[in-house]
Each structure stands twice: as structure tokens, then as C-alpha cells.
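Have a look at the structure below before the remarks.
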Amino acid sequence: MNLENRITLAAQSAIEKLYGTLLDTNKIPLQQTRKDQKGDYTIVVFGFSGISKKKPEETAQELGSYLKENEDFITDFDVIKGFLNLIISDDIYISFLIENVNNTDFGRTPINPDDKVVVEYSSPNTNKPLHLGHIRNNLLGFSVSEILKANGKNVKKVNLVNDRGIHICKSMLAWQKWGDSLTPEIANLKGDKLVGNFYVLFDKKYKEEIAELVNQGMEKAIAEKEAPLLKEAQQMLLKWEENDAETRTLWNKMNSWVYAGFDITYKNMGVDFDKICYESETYLLGKKLVMEGLKNGVLFKKENGSIWCDLSEDGLDEKLLLRADGTSVYMTQDLGTAQLRHDDFEAKKMIYVVGNEQNYHFDVLKRVLKHLGKNWYNDIEHLSYGMVELPAGKMKSREGTVVDADELMEEMYSTAKVTTEELGKTENFSNNELNQLYRNVSLSALKYFILKVDPKRQMMFNPSESIDFNGNTGPFIQYTYARIKSILRKASEKNISTNWPETIDEKEKNVIQHLYNFPAILKQAGEQYSPALISNYIFDLVKSYNKFYQEISILKEDDEIKKNFRIKLSQFTAENIKNAMLLLGINVPERM
RNA sequence: GGACCUGUAGCAUAAUUGGAUAGUGCACCUGACUACGGAUCAGGAGGUUGGGGGUUCGAGUCCCUUCAGGUUCACCA
């Protein structure tokens, strides 16, 4: 039984004895005592006044006296207004450490194979390279998957590649027209970058056409629809859906360039997938579902042949599901994808890691599924995260205002190299090891920087200010880990005592209290899909350890029992830092 | 215009889900290495939680109102 339960149970029986009322334990508000107050746990007694018929302060006093008297793990208490602060016996913390120090699965729940969860993330378009927004998506998806695994879920990580649609045709068309048979090899360029350039080129030429049409006296809105280039792209999409051999060959070729490019980026980022799906494989199923829906009368057809879902009863508009020319739209694909995923995995939850700009889309998706009679529509969960904003505003690929993923990681690497050369202890490192370390440190800075922010929040990134390596950062945590490991290397042979101290110092206790909270934090992070909770936890743990480290000697302690205890505490802290950082997809180096 | 989201110190972010004097990091100022690794630690300064009202023992958190920003409402994805 954990400490919180022990306290609430003790309080429950105390209240019954004192006031004759049996309260449910979840009606007893328990929280950790603020750092600036004396005590470990606090019972908030304002709500008990009705039962005790006394002022909150008196109630707290009585309750505190009773608990101190009758519970040996509560050694003292302190009352401030309606707050009853309890002081817990050191024994509890000492034995907690002893019991868990060798538990490498501390806080984790064993995986239950039946508790299946699908996490979809990344989901790039194959017409442009990955940028900072994708980085947030990838890191979140990967980390949330790890967190769910640690909470016992059987997680399948899925990448749904958006490989078809008019936008893909645009870059294909541009390459066909002006590409001059250029390949990534000839251009000496990553495939995704090359294709992205043609997407931008299309947009440029398209805008030129519009300008010309407007010059000739056409209205801008009409010109945007009538521009020959757009018509050509639409033709191409039609040919693609008709399985035209030439179009498909070009499509396959250009997409394979992009995939080769993405693979490099994913590898550098350290994310991976259990399965890669392609929308080109699901849109037909989507079409089928739409036709079924039409037959069953839950959808309707307009005069021009387009098919719609009426969501006015849900307080929304009509939603297009198939165009008049019979080609599918984004929603069509997603219907198919959802069905396929539901059938394939039999998952209890299907989590989509997608930006909050698509909140409406997922709302509609679930409602359409409901209309189609898919009673599992509620298994879909949209993990909606905020946009990454630059000082200049939103990133737009077509306008070139993006922070490229590869370039950003490259810059971080250089910074890590400079910093490590200046401060690191890397004598004896081979070139290979150095390279690994720079990569490790730079990725930790980047990943931590992004994951420490609550996913729901929009976050700010200023490319001209490089990401920090001091303070609340990944490298700071890595440094603490490396320093502990250094101590442990020196301590390994001297560690002989098997006895434990009877009391501990305030600083030691503080570290243990943080460690003690880890399982609860992990659980909460799993419920809220929030890596930020984990990163905040690690930072607080590390700070408390550093305070302890700075003030209390470990290896120079004469008392063997105390020394041994402090080594164990350091060992457990290091292990926990390592495991918690892995939940964020970050590795910690033994030396740096 | 309708719908949804977000406003916390110069910047970036927390707040145990309604609890105590709103924490923390960067940047700024002061101090600590003949030390187990100073990428550290100790201290200082910096706040009307966008504004106004309400609910109650108690509000950054809930309700109303107002201001500012963002997203979305496509035969784009």
C-alpha cells in the first residue's frame, strides 16, 4: 500500500473516531506540503467543519493530535489555518529506497497484450521535407507511445503517409514540365528536398499564371480556378485515380525519392514505427464506405453527382465526401483509414497525433463515422497539439518560411560540439564516440526543449536564439546523470556496508520524495498524453539531487552506513533519470 | 460573421485539476572550486495571472462580460 493511501485511511478512521462520521477516502483532500512549509503531506480540512462542528483550525489540531498519537509513521504535525501538515517518519523513506533501488522496472506496469492502442503520428505529405512542426509531432508521438507502453498498453506506432492527392500531383507536374530529368543523385540533394523544390516551383508558376490572367481582365477568384496549371494538376489526379500507367510510374519514382529522404531524417531524429500505411491504399475503402452510406440513405447526392453528409442535426454544415468527378477528398481517405485501422488492430483506442488546426476535421470525422453506423467512432482520440510559431508568425512551406528539420538538427549538432569541446570531459573518446556524444547531447537539447511544453499549448521558437544547454534543458539533466555515474564508478569497490541509517538529512529526503512520486506522475502522463509532465518531473528530481550533491559529501563521508546509503540513493536516482529520459526518447551518456 | 483554442515577470514556461505568500529556467546583479565533474550550487531583483464583474472559507483555475492573439468553417490536404 502506498503512503497516500495509508494517510487517507488513517485520517478516515480518525474522523470516524473523533466525529462519528465515516467519510469516503476520496473525500479526504491530500496533497504534498508546499516546500516552504514544515511537513511532508497536507490534509486540507476546510471541508470537515460541517462534520466536526468546529472551526477548521481546531479540527486540524484535533485530527493531527489523534494521528500523531495513533499512527507510528506520522511523527509530528503542524497546523496553519485549515491545513494540517503531517511529518512522516524517515523509516518510510529509507525502506522505500531499499526496496526499490534494484527495481529496474520501477513505476512501470507490465504490458497487457490485450490492451491495444494505436498511435498514429508523423503522417507527412510526400511533397515537401519535414520541418519544425513535424519535429514536434514526431517527438510527441514517439514519447507518448513510450509513456503508454510504460503504463502497460500494447502500443502500435503507425505512420500514415499522405502520398496521394492534388498536392502530390503539383510537384509531379512541375518536375515533368521543368525537371529536366533531374534526380536526387544528379542534384546531390536529399529526395524530399528535391521534390519539395518542385512543389515550390509549381506554386511560383501557378501564381504567375494567375497574375497574367488577372492582367487580361479576369477576376482573381476565377483566375485561381481557371489557371491552366491547376487544370493540368486536376487532370493528373484523375489519371492517377484511373491507374494510368505513366502517371503511376512517375508517382512511384518521386515518392521513393521522398521516402529515402524521410528515412534519413527519422533515423537522425531517433523515431521509428511499427507499421507504415499509405493513404493511396485506404482511399478506395473510404469511397466504398461512402457508397454504402449513400445506399443506406444516411448520405445524399447533389445534382452534379457529388456526395455529402448532412451534419445539421449536430449543429454543423453539410460535409463533402466525394467530388462530382468521383475523386476522393481528405475526409474520404480518413474514413477508409479509420475503418482499416479498426479492423486491423482491434485496438481499444486509436490515437491520432495531429495539430490543433485539424480539430474540426476530427470532430467531423467522428460524426460522419457515427452517421455511417460505426459504433466504435468514440475509440478515436485526437491528440491535438499546438502549432510551433516563429517570431515572424506561422511557418508556410510554400512561402519558404520554415525551419527545416534536417538543418535544425545539424545546427544543434554544431552547438553541442562547440560546448562539449569547451566543457566536456572527453579525453580518451574515439572520433566515433565523440560523434555519438555530440549527436546525443544535441538531440537531448532539441527534444527536451520541445517536449517540456504542454502539448496543448502553442509554442514559440526563435531560430536566431539557439536552444539553451543550461538550466531547464536536456543537457543539464544529462550532465547530472554523467556526474552521478562518475561517482558510482569510483565507489563501486568500496561499497560494502549492508546496514541502513536510522535518520536521513532533509536534502536526502527531498530527493527520495521526488523518486517516490514517479509512478503517480507516469500514470498521469499516460492518462493525459503529456510528456511535459515527465520532463518537469525529471527536472525537479535533478534539481533536488544537485542540491543534495552540492552540500553533502558522498564518498568522503566517514560513516560507512551513511556513505553506502548515499551511494544507493545516487544509483537509484541515476537509474530513474535514465528510464524517465527514455520515455522522452532521450538517451543519457555515461560521460560527457 | 459562427465555432473552437490560448492570454501568467523582458523572454520561455510550472502550478498536485478550486487550496496556503503564483513556482522554475534564460537574460541581469552578488557570492561559492588546493572539492565526489562549476554544463553546478547559494542569494538578489523582476507579477494587479490581459481588463472588469460574479460564485465561496478560498479563484491563475469555475461562470458572465470585455479586449488581444490563434485556428477553423473549401469540390486544398
Side-chain angles (χ1 to χ4, degrees), chain A residues 29-37 42 44 46-47 49 55-56 80-83 85 125 127 162 164-168 170 225 234 279 302 304-308 315-317 319-325 327-331 333-334 355-361 363-364 384 386-387 389 393-394 419-420 422-425 441 449 452-454 456-462 465 468-473 475-480 482-491 517 520-521 524 528 532-533 536 539-540 543 546-557 566-567 570 591-592:
Chain A
L30 183 73
Q31 59 192 271
Q32 275 175 343
T33 304
R34 289 169 55 106
K35 268 181 240 156
D36 50 351
Q37 298 289 341
T42 297
V44 185
F46 288 103
S49 293
K55 286 179 189 161
I80 294 167
K81 292 191 278 183
F83 298 96
N85 298 335
N125 291 347
N127 64 338
N162 192 326
R164 61 159 298 282
I166 188 86
H167 55 301
I168 311 294
K170 287 176 181 175
K225 285 184 180 171
Q234 284 166 345
E279 290 200 341
K302 289 195 178 177
N304 67 0
S306 55
I307 300 177
W308 298 72
L316 300 173
D317 278 339
K319 182 72 196 174
L320 175 80
L321 297 180
L322 267 187
R323 294 190 186 104
D325 66 4
T327 57
S328 53
V329 291
Y330 185 39
M331 188 59 74
Q333 294 164 185
D334 262 14
N356 62 10
E357 55 193 352
Q358 294 196 29
N359 286 353
Y360 179 75
H361 172 78
D363 191 18
V364 171
S384 161
M387 297 286 97
E389 189 110 10
K394 206 192 162 187
T419 311
T420 306
E422 193 183 321
L423 301 167
K425 305 228 165 182
V441 173
F449 176 82
K452 78 175 175 185
V453 182
D454 185 322
K456 291 195 298 291
R457 280 179 69 111
Q458 178 179 105
M459 67 179 288
M460 190 62 166
F461 179 77
N462 191 340
E465 292 170 15
D468 235 302
F469 280 45
N470 302 320
N472 187 0
T473 67
F476 166 77
I477 291 161
Q478 291 182 314
Y479 174 76
T480 303
R483 203 165 59 172
I484 296 176
K485 288 309 246 189
S486 171
I487 293 176
L488 294 177
R489 278 192 294 273
K490 288 177 182 158
N517 284 332
I521 304 259
Q524 200 188 355
Q528 298 182 12
L533 294 176
N536 289 341
F539 181 59
D540 287 337
K543 264 196 310 184
N546 282 343
K547 280 180 187 171
F548 154 73
Y549 170 90
Q550 204 78 18
E551 276 198 28
I552 296 174
S553 183
I554 299 168
L555 297 180
K556 286 186 179 150
E557 172 62 51
R566 287 170 193 168
I567 290 169
S570 302
R591 293 192 292 150
M592 64 187 279

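A note on names: the letters A, B, ... follow the listed sequences, proteins ahead of strands, and every chain is numbered from 1.
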Given the P atoms of B/U61 and B/G19, what is the spacing between them in whole Å?
-> 11 Å

Side-chain contact check for A/Glu279: nearest option of B/U40, B/G19, B/A77 is B/A77

Just checking A/Thr42: base, sugar-phosphate only, or nothing, at a heavy-atom cut-off of under 4.0 Å?
-> base

Roughly, in whole Å, what's the span from NZ in A/Lys81 to C1' in B/C57?
-> 10 Å

Inter-nucleotide C1' distance (B/C28, B/A45), Å rounded = 9 Å

Is there a side-chain polar atom (N or O) of A/Lys35 under 4.0 Å from OP1 or OP2 of B/A14?
-> no

Minimum heavy-atom distance A/Thr327-A/Leu322, with the two atoms named | O-CD2, 3.5 Å

B/C41 phosphate, OP1 or OP2, under 4.0 Å from A/Asn546 side-chain N/O | yes

Compare the ring of A/Phe46 with the six-membered ring in the base of B/G19 and state whether they stack (centres under 5.5 Å, planes under 30°).
-> yes

When every non-hydrogen atom of A/Asn536 is compared with those of A/Lys452, the smallest separation belongs to OD1-O, 4.2 Å

Identify whether any heavy atom of A/Ala532 sits under 4.0 Å from a base atom; if not, whether one sits that close to sugar-phosphate; answer base, sugar-phosphate or nothing.
-> nothing

Watson-Crick or G-U wobble mate for B/A59, both contacts under 3.5 Å = none

B/G38 phosphate, OP1 or OP2: any side-chain N/O from A/Tyr549 under 4.0 angstrom?
-> yes

Reference residue A/Arg591; test side-chain contact (heavy atoms from CB on, under 4.5 Å); the match among A/Lys425, A/Arg489, A/Lys485 = A/Arg489

Look at all strands and tell whether A/Asn85 reaches a base, only sugar-phosphate, or nothing, counting heavy atoms closer than 4.0 Å.
-> base

Can you tell me how far C1' of B/A77 sits from CD1 of A/Ile166, to the nearest Å?
-> 11 Å

In sequence, state the C-alpha distance, the side-chain angles, and the governing distance for A/Leu316 and A/Val364, and then conclude on side-chain contact (heavy atoms from CB on, under 4.5 Å).
-> CA-CA 8 Å; A/Leu316 300 173; A/Val364 171; 4.3 Å; yes

Think A/Lys302 forms a cation-pi with A/Trp308, using NZ or CZ under 6.0 Å from the six-ring centre and within 45 degrees of its axis?
-> yes

With both distances under 3.5 Å as the test, what is the Watson-Crick or G-U wobble partner of B/U72?
-> B/G2

Give A/Phe83 one of three labels, base, sugar-phosphate or nothing, depending on what nucleic acid heavy atoms sit under 4.0 Å from its own.
-> base

For A/Gln524, which contact category applies under a 4.0 Å heavy-atom criterion: base, sugar-phosphate, or nothing?
-> base

Looking at every strand, decide which applies to A/Ile554 at a 4.0 Å heavy-atom threshold: base, sugar-phosphate, or nothing.
-> base

Are A/Ile477 and A/Thr473 close enough that some pair of their side-chain heavy atoms sits under 4.5 Å apart?
-> no

Between A/Phe469 and A/Tyr479, does a ring-ring contact (aromatic ring centres under 6.0 Å, His included) hold up when you go through it step by step?
-> CA-CA 10 Å; A/Phe469 280 45; A/Tyr479 174 76; over 10 Å; no

Fit a plane to each ring of A/Phe449 and A/Phe461, take the angle between them on a 0 to 90° scale, and name the class: parallel (under 30°), tilted (30 to 60°) or perpendicular (over 60°).
-> perpendicular

Given that both distances must come in under 3.5 Å, which nucleotide forms a Watson-Crick or G-U wobble pair with B/G46?
-> none

Quick one: is B/U72 close enough that its OP1 or OP2 comes under 4.0 Å of any side-chain N or O from A/Tyr360?
-> no

Take the protein atom CZ of A/Arg591 and the nucleotide atom P of B/G37, then report the distance between them rounded to whole Å.
-> 12 Å

d(NZ, A/Lys319; C1', B/A77) in whole Å | 10 Å

Nearest to side-chain heavy atoms of A/Ile487, which nucleotide of B/C36, B/U16, B/C41 = B/C36

Assigned partner base of B/A9, Watson-Crick or wobble definition, under 3.5 Å | none

Reading 5' to 3' through nucleotides 5-13 of chain B, protein heavy-atom contacts under 4.0 Å coded B for base, S for sugar-phosphate only, - for none | --SB---SS

Identify whether any heavy atom of A/Ser49 sits under 4.0 Å from a base atom; if not, whether one sits that close to sugar-phosphate; answer base, sugar-phosphate or nothing.
-> nothing

A/Asp325 with A/Arg323: basic N within carboxylate O range, under 4.0 Å = no

Should A/Lys547 be listed as having a side-chain N or O under 4.0 Å from OP1 or OP2 of B/C41?
-> no

Expressed as a whole number of Å, how far does the P atom of B/A35 sit from that of B/U24?
-> 29 Å

C1' atom, B/U8 versus B/A15: distance in rounded Å?
-> 10 Å

Calculate, to the nearest 0.5 Å, the distance between atoms CG and CD1 belonging to A/Leu321 and A/Ile307 respectively.
-> 8.0 Å

If the C1' atom of B/C26 is compared with that of B/A14, how far apart are they to the nearest Å?
-> 15 Å

Which whole number of Å gives the distance between the C1' atom of B/U40 and that of B/C57?
-> 44 Å

Using a cut-off of 4.0 Å on non-hydrogen atoms, how would the nucleic acid contact of A/Val44 be classed: base, sugar-phosphate, or nothing?
-> base

Expressed in angstrom and rounded to an integer, what is the separation of A/Asp363 atom CG from B/G2 atom C1'?
-> 14 Å

Choosing from B/U71, B/C36, B/C41, which nucleotide comes nearest the side chain of A/Lys490?
-> B/C36

Scan A/Arg164 against the nucleic acid and name what it touches under 4.0 Å (heavy atoms): base, sugar-phosphate only, or nothing.
-> sugar-phosphate

Grab the CE-P distance between A/Met592 and B/A39 for me, whole Å please.
-> 9 Å

Paired nucleotide for B/G31 [Watson-Crick or G-U wobble; both distances under 3.5 Å] = B/C41

Options B/G37, B/A20, B/U40, nucleotide nearest the side-chain atoms of A/Ala482 = B/G37

How is A/Ile521 classified with respect to the nucleic acid when contacts are heavy atoms under 4.0 Å: base, sugar-phosphate, or nothing?
-> nothing

